[in-house]
*Asks:* 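Here's a structure for you.
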Amino acid sequence: MAKTKTIYTCSECGGQSPKWQGQCPACNAWNTLVESIAESAKPRYQSLAATSRVQMLHEVEGGEESRIPTDIGELDRVLGGGLVQGGVVLIGGDPGIGKSTLLLQALAELSTRMNTLYVSGEESARQVALRARRLSLPEANLPVLPEIRLEAILAQLADAQPVVAVIDSIQTMYSEALTSAPGSVAQVRECAAQLTRYAKQSGTAIILVGHVTKEGAIAGRACWSISSTPCCISRAIPDRASDWCARSKTASARSTRSACSR
C-alpha cells in the first residue's frame, strides 16, 4: 500500500512546506503550519471552467454599473449603494454577531423583486424558516438550499441563475476535488475561488459569510484577495479586527467599523 504523502499548510497565508517548521517560510508567521494530506496534481477546473475569448477593448460594453440596493440603509452605505452584478462580498464577524440574520433580512427583501438563493451550510431549511418567521420576513419567494458540497451548490446556481446568492458560511463548504476537511485553508481557498469564478462568468452577486477566529482571521487570508469587498461586523473593534479593517482594500470595508458596529 502506497504511503500517504503529507504537506504542511500555513493557516494564515496558505503557504505550503514539505516539512514542519516553527515559522512559515511564506509570511513568517509563527506556529501556523498544519499537517494535511497532499492533494493530487490532476486538474480540478476542467469541468467547471468556461473558455473565455479575446476581445478588443473598444468592443467591450462600458458604462456605470447599476447597483442592487438591499433596502437596509447601513448595509447599502457600506457597499457603496448596493451590490454589484458579478461581485463577491465577504461578510466577516464573530460567531453569533448577526451575520446570518442580517443577510437573511436583506435576501428576503430582495426575493420580492428578483431571483435569489440562500445556501445554508450551518442550519437546516427548518431552522432558517423559523428564524425568518420570528423576524416576520417575506418568505414566499425565498429559496433555501441546505448544502455544503461545492459541486452541488454550483449545479443549483447554474440551474436557478439567481441575481443574488448568499453562501453561509464559506468555512462549512467543501469540494470533492480535495481530501482535506471543510474549513481547512485548502478547502476555503478552493471553494471561494470556484464561487468567484462562477460569479464573474454568470453575473450573479455572491455574498460569502466568514467567521472571525480568536486570532482575528476572517475565513483565512485566502478570501481577502478573492473577494471584491471584504467587510467586518463587530460590536467593538478589538485590535486584530481594527488591523484587518485597516488592511482591507476597499473604502467601504474600512467604513464598516462605524456602520456595522451600531
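Any value given below was found using the heavy atoms of this structure, including those in side chains, with hydrogens, waters and symmetry copies removed.
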*Asks:* Quick one: does Ile170's side chain get under 4.5 Å of Leu195's, heavy atoms only?
*Replies:* yes

*Asks:* Not counting sequence neighbours, which residues clear side chain to side chain donor-acceptor pair (under 3.5 Å) with Ser17? List them please.
*Replies:* Gln21

*Asks:* Taking Leu157's backbone N and O only, do any of them form a donor-acceptor pair with Tyr198's side chain (distance below 3.5 Å, no angle check)?
*Replies:* yes

*Asks:* What distance do Ser120 atom OG and Glu147 atom CD have between them, rounded to the nearest 0.5 Å?
*Replies:* 10.5 Å

*Asks:* Test Leu104 against Leu142 for side-chain contact (heavy atoms from CB on, under 4.5 Å), laying out the working first.
*Replies:* CA-CA 9 Å; Leu104 182 61; Leu142 178 57; 3.7 Å; yes

*Asks:* For the CD1 atom of Ile207 and the CG atom of Leu107, what is their distance to the nearest 0.5 Å?
*Replies:* 7.0 Å

*Asks:* Taking the side chain from Lys99 and the backbone from Gly93, do they hold a donor-acceptor pair closer than 3.5 Å?
*Replies:* yes

*Asks:* With Thr172, which residues qualify under side chain to side chain donor-acceptor pair (under 3.5 Å), at least two apart?
*Replies:* none

*Asks:* Would you find a donor on one side and an acceptor on the other, under 3.5 Å apart, between the side chain of Gln127 and the backbone of Ser124?
*Replies:* yes

*Asks:* Can you list the residues that meet the side chain to side chain contact (heavy atoms under 4.5 Å, CB included) rule with Ala155, with sequence neighbours excluded?
*Replies:* none

*Asks:* Is there side-chain contact between Gln23 and Asn31, with at least one heavy-atom pair below 4.5 Å?
*Replies:* no

*Asks:* Keeping Arg67 on the side-chain end and Asp76 on the backbone end, is there a donor-acceptor pair under 3.5 Å?
*Replies:* no

*Asks:* For Ala192 and Leu208, which heavy atoms make the closest approach, and how far apart are they?
*Replies:* CB-CD1, 4.4 Å

*Asks:* What residues form a side chain to side chain contact (heavy atoms under 4.5 Å, CB included) with Thr32, not counting sequence neighbours?
*Replies:* Cys10, Ser11, Glu12, Cys24, Ala29

*Asks:* If you take all heavy atoms of Ala181 and Gln187, which pair is closest and at what distance?
*Replies:* O-CG, 3.2 Å

*Asks:* Which residue pairs pass the side-chain hydrogen bond (donor to acceptor under 3.5 Å, both in side chains) test with at least one member in residues 153-170, sequence neighbours excluded?
*Replies:* Ser100-Asp168, Tyr118-Asp168, Glu122-Ser169

*Asks:* CG/Leu178 to OG/Ser184 distance, rounded to the nearest 0.5 angstrom?
*Replies:* 7.0 Å

*Asks:* Same hydrophobic cluster for Leu130 and Val119, using side-chain heavy-atom links shorter than 4.5 Å among ILVMFWY?
*Replies:* no

*Asks:* Looking at Thr70 and Leu110, what are the two nearest heavy atoms and their distance?
*Replies:* CA-CD2, 4.2 Å

*Asks:* Write down the atom of Ala205, the atom of Val84, and the distance for their closest heavy-atom approach.
*Replies:* CB-O, 3.5 Å

*Asks:* Side chain to side chain contact (heavy atoms under 4.5 Å, CB included) with Glu59: which residues, sequence neighbours excluded?
*Replies:* Met56

*Asks:* Please test Leu103 against Val209 for side-chain contact (heavy atoms from CB on, under 4.5 Å), starting from the C-alpha separation and ending with a verdict.
*Replies:* CA-CA 9 Å; Leu103 295 177; Val209 176; 3.3 Å; yes

*Asks:* What pairs meet the salt bridge (Lys or Arg N to Asp or Glu O under 4.0 Å) rule with one or both residues in residues 126-146, with sequence neighbours excluded?
*Replies:* Glu123-Arg131, Arg133-Glu139

*Asks:* How would you list, by chain and number, every residue that makes a side chain to side chain donor-acceptor pair (under 3.5 Å) with Asp71, sequence neighbours excluded?
*Replies:* Arg113

*Asks:* Under 4.5 Å between side-chain heavy atoms, chaining through other members, with only Ile, Leu, Val, Met, Phe, Trp and Tyr counted: pull out the rest of the cluster around Tyr8, sorted by chain and number.
*Replies:* Trp20, Leu33

*Asks:* With sequence neighbours excluded, what pairs up with Ser202 under the side chain to side chain donor-acceptor pair (under 3.5 Å) test?
*Replies:* Thr204

*Asks:* Do the non-hydrogen side-chain atoms of Val163 and Thr116 ever get within less than 4.5 Å of each other?
*Replies:* no

*Asks:* To the nearest 0.5 Å, how far apart are OG in Ser111 and CG in Leu137?
*Replies:* 9.0 Å

*Asks:* Evaluate Ser175 against Glu151 for side-chain hydrogen bond (donor to acceptor under 3.5 Å, both in side chains), listing each step before the verdict.
*Replies:* CA-CA 7 Å; Ser175 171; Glu151 288 74 15; 2.9 Å; yes

*Asks:* Run the numbers on Val166 and Leu117 for side-chain contact (heavy atoms from CB on, under 4.5 Å), then give the verdict.
*Replies:* CA-CA 7 Å; Val166 170; Leu117 179 63; over 6 Å; no

*Asks:* Does Glu176 have any salt bridge (charged side-chain N to carboxylate O under 4.0 Å, His left out) partners at least two apart in sequence or in another chain, and if so, which?
*Replies:* Arg149

*Asks:* By side chain to side chain contact (heavy atoms under 4.5 Å, CB included), which residues pair with Thr9, not counting sequence neighbours?
*Replies:* Ile7, Gln16, Ser36, Val185

*Asks:* Let me confirm one number: the CD1-NZ distance from Ile206 to Lys200, rounded to the nearest 0.5 Å.
*Replies:* 9.5 Å

*Asks:* For Glu109 and Gln105, run side-chain contact (heavy atoms from CB on, under 4.5 Å): C-alpha distance rounded to whole Å, both residues' side-chain angles, the deciding distance at 0.1 Å, then the answer.
*Replies:* CA-CA 6 Å; Glu109 293 297 331; Gln105 287 178 293; 5.9 Å; no

*Asks:* Calculate, to the nearest 0.5 Å, the distance between atoms CG and CD1 belonging to Leu102 and Ile233 respectively.
*Replies:* 5.0 Å

